[in-house]
Amino acid sequence: MRELERLLGSDYRPPHAQRSAVARGLPPAAYTSEAFFELECERLFARTWVFAGFVQDVAQTGDVWPTLVAGKPVMLVRSDSHTVRAFHNVCRHRGHLLVDEPCREVRKIVCPYHAWTYALTGDLLRTPNFGGAACAEVSGFERSANGLIEVRCAAWHDWVFVNLSGDAPPLGTHLNGVEARLRGLDWPSLTPVAKLETGVVRSNWKFLIENFVEPYHVPVVHTRTAAGQPLKNHEMFVDTDCFGCIVTVSDPPPHRGLADYLDMSSHYLAVFPNFILARYFPDQIGVHLNQPLGADRTRQWRAIYSTGKVPFDREKTKALIELWRRVHAEDHRATEQLQAGRASPGAADGGVLSPHWEISIAHFHDRVIACLQ
Ligand code: FES
Ligand SMILES: [Fe+2]
């Protein structure tokens with residue numbers, strides 16, 4: 001608590017406890033300080049369900065996908081046709097990282113340092129030469145007690161969540177809010193169409209979430225790319241676990257389907273802390289994976305899905321990839337400049353939040369602070 005006060009200033013109050021006409025944003029340290037990021041890792045990311053990867057990246061037995069959860073290296077492993085597991089991505093011998101890039105259909109996980117070898121279930125299988133030349137055994141050393149350390153992991157459709165502390169409420173409870181908002185979606189038709197790595201953004205992870213849940217910037221930042229989604233058509237919502245905005249476009253222009261710009265009704269849904277899903281009517285979904293790398297860097301991916309009976313053809317997929325690359329580039333320019341702005345004394349008070357368009361950000365700040373306290 002004292003550390004939090006030191007970082008944010010003793011007079012900082014989260015939005016729900018502020019008395020002014022407009023709420024103030026989080027102080028700059030919340031975005032720039034590595035100490036604040038460490039607090040988030042320890043008290044926020046480690047204790048809840050964190051969106052960590054895609055089932056499509058571990059689709060076949062033996063697929064391994066390295067990720068980061070609460071700043072800790074974790075790997076997602078397809079152990080068999082039914083099971084995706086998560087393990088701390090570190091060798092039990094001397095702590096070398098086991099996997100530093102995605103692997104496909106491996107039969108075992110072999111440490112690149114001294115070749116200790118693990119099964120896809122995490123069991124330690126081999127410790128070559130550990131007891132001397134051509135002697136793997138050491139009396140008193142139990143292989144069975146030195147397997148990979150498993151962490152709690154669960155999948156929902158194509159999305160894998162990890163809970164490091166192991167004691168968060170069940171994933172289903174965590175996702176109740178977003179499931180309710182997605183009622184009527186034809187889940188069996190959900191088909192991955194493309195996945196873009198949009199790169200490392202020089203921005204704190206919170207700016208990427210905040211930018212997604214407020215439409216206020218849309219007519220300014222996405223002048224062309226979101227030309228068919230006027231600000232006046234947006235409506236904000238805040239449920240406890242799901243927050244964001246909805247845009248309704250009742251008279252779409254006739255060029256529909258070319259994916260040249262956004263002109264469809266859409267639901268922008270965020271689940272605290274880092275799951276982002278956008279539904280575009282009638283038949284498209286986009287999911288962002290924002291992986292915090294530190295206070296001022298976040299790696300981001302976007303997966304595109306079709307949800308209709310007819311999957312997208314190549315031309316439409318290509319057009320969508322181009323559109324989404326442009327949209328993400330526009331957003332990244334904005335979030336990187338929000339980050340850069342935090343160095344200015346003019347941003348020391350955290351700025352102010354629109355009581356209309358940025359209530360979703362106020363809710364998000366309340367959630368962040370509640371976790372850290
Ligand atoms: S650190 Fe992995 S085998 Fe030595
Ligand atoms: Fe945007």
Side-chain angles (χ1 to χ4, degrees), residues 64 66 73 75 87-100 103 106 108-119 122-133 135-138 141 143 145-149 196 198-199 201 203 205-231 233-234 236 243-247 261-264 266-270 276-280 286-288 290 298 300 302 320 323-339 354 357-358 360-361 364:
V64 182
M75 58 183 166
F87 298 102
H88 286 292
N89 178 8
V90 72
C91 180
R92 299 299 305 279
H93 174 219
R94 297 268 309 287
H96 196 287
L97 274 194
L98 287 167
V99 171
D100 64 355
C103 315
V106 297
K108 298 181 174 96
I109 296 164
V110 182
C111 178
Y113 204 20
H114 311 96
W116 280 30
T117 302
Y118 303 86
D123 295 329
L124 176 58
L125 300 174
R126 296 184 63 235
T127 55
N129 303 317
F130 187 43
C135 171
E137 304 300 330
V138 171
F141 174 77
R143 264 192 219 159
N146 285 278
L148 299 180
I149 300 172
L196 328 180
T198 59
V201 190
S203 154
W205 69 279
K206 294 188 291 300
F207 281 138
L208 288 158
I209 308 289
E210 294 170 14
N211 177 71
F212 177 81
V213 296
E214 63 89 348
Y216 192 23
H217 73 278
V218 169
V220 186
V221 169
H222 307 297
T223 320
R224 163 77 193 150
T225 46
Q229 296 190 332
L231 184 61
N233 294 27
H234 287 73
M236 308 303 299
F243 53 102
C245 62
I246 286 170
V247 56
Y261 62 81
L262 301 175
D263 63 355
M264 66 293 250
S266 309
H267 291 186
Y268 296 95
L269 314 176
I276 275 180
L277 184 152
R279 180 179 184 186
Y280 308 91
V287 168
H288 305 194
N290 290 304
T298 309
Q300 192 187 62
R302 179 192 190 93
L320 278 176
L323 170 66
W324 288 122
R325 284 213 182 279
R326 290 206 304 278
V327 174
H328 281 266
E330 289 164 352
D331 281 322
H332 293 171
R333 206 171 304 125
T335 55
E336 290 188 342
Q337 293 194 24
L338 284 169
Q339 187 73 26
S354 159
W357 301 115
E358 292 168 322
S360 46
I361 296 182
F364 176 63

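Ligands are counted one by one from 1 in listed order, and the atoms in each one are counted from 1 as well. Worth saying up front: this structure is predicted, and the values here are computed from it rather than measured.
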Where the Fe ion (ligand 2) is the vertex, angle from H222 NE2 to H217 NE2 to 10°: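 Rounded to 10°, it measures 100°.
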Would you say N129 and H114 are linked by a side-chain donor-acceptor pair, where the criterion is simply a distance under 3.5 Å?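 There is no such pair between these side chains.
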Let me see the working for H93 and Y113 under ring pair (Phe, Tyr, Trp, His ring centres under 6.0 Å), right down to the final yes or no. CA-CA 9 Å; H93 174 219; Y113 204 20; 7.4 Å; no
Please state whether the rings of F364 and W205 are parallel, tilted or perpendicular, taking 30° and 60° as the class boundaries. perpendicular
Hey, mind stepping through H332 and Q300 against side-chain hydrogen bond (donor to acceptor under 3.5 Å, both in side chains) and telling me if it holds? CA-CA 10 Å; H332 293 171; Q300 192 187 62; 2.7 Å; yes
Please determine whether D331 has a backbone or side-chain N, O or S atom lying under 2.8 Å from the Fe ion (ligand 2). yes
Kindly give the heavy-atom pair with the smallest separation between H222 and H217, and that separation in Å. NE2-NE2, 3.3 Å
Taking the six-membered ring for Trp, are H288 and H328 closer than 6.0 Å centroid to centroid? yes
Can you name the residues that come within less than 4.0 Å of ligand 1, going by heavy atoms only?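 Protein residues near ligand 1 are C91, H93, R94, H96, C111, Y113, H114, A115, W116.
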How many angstroms lie between CG in L124 and CZ in R92, if you round to the nearest 0.5 Å?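 L124 CG to R92 CZ: 9.0 Å, rounded to 0.5 Å.
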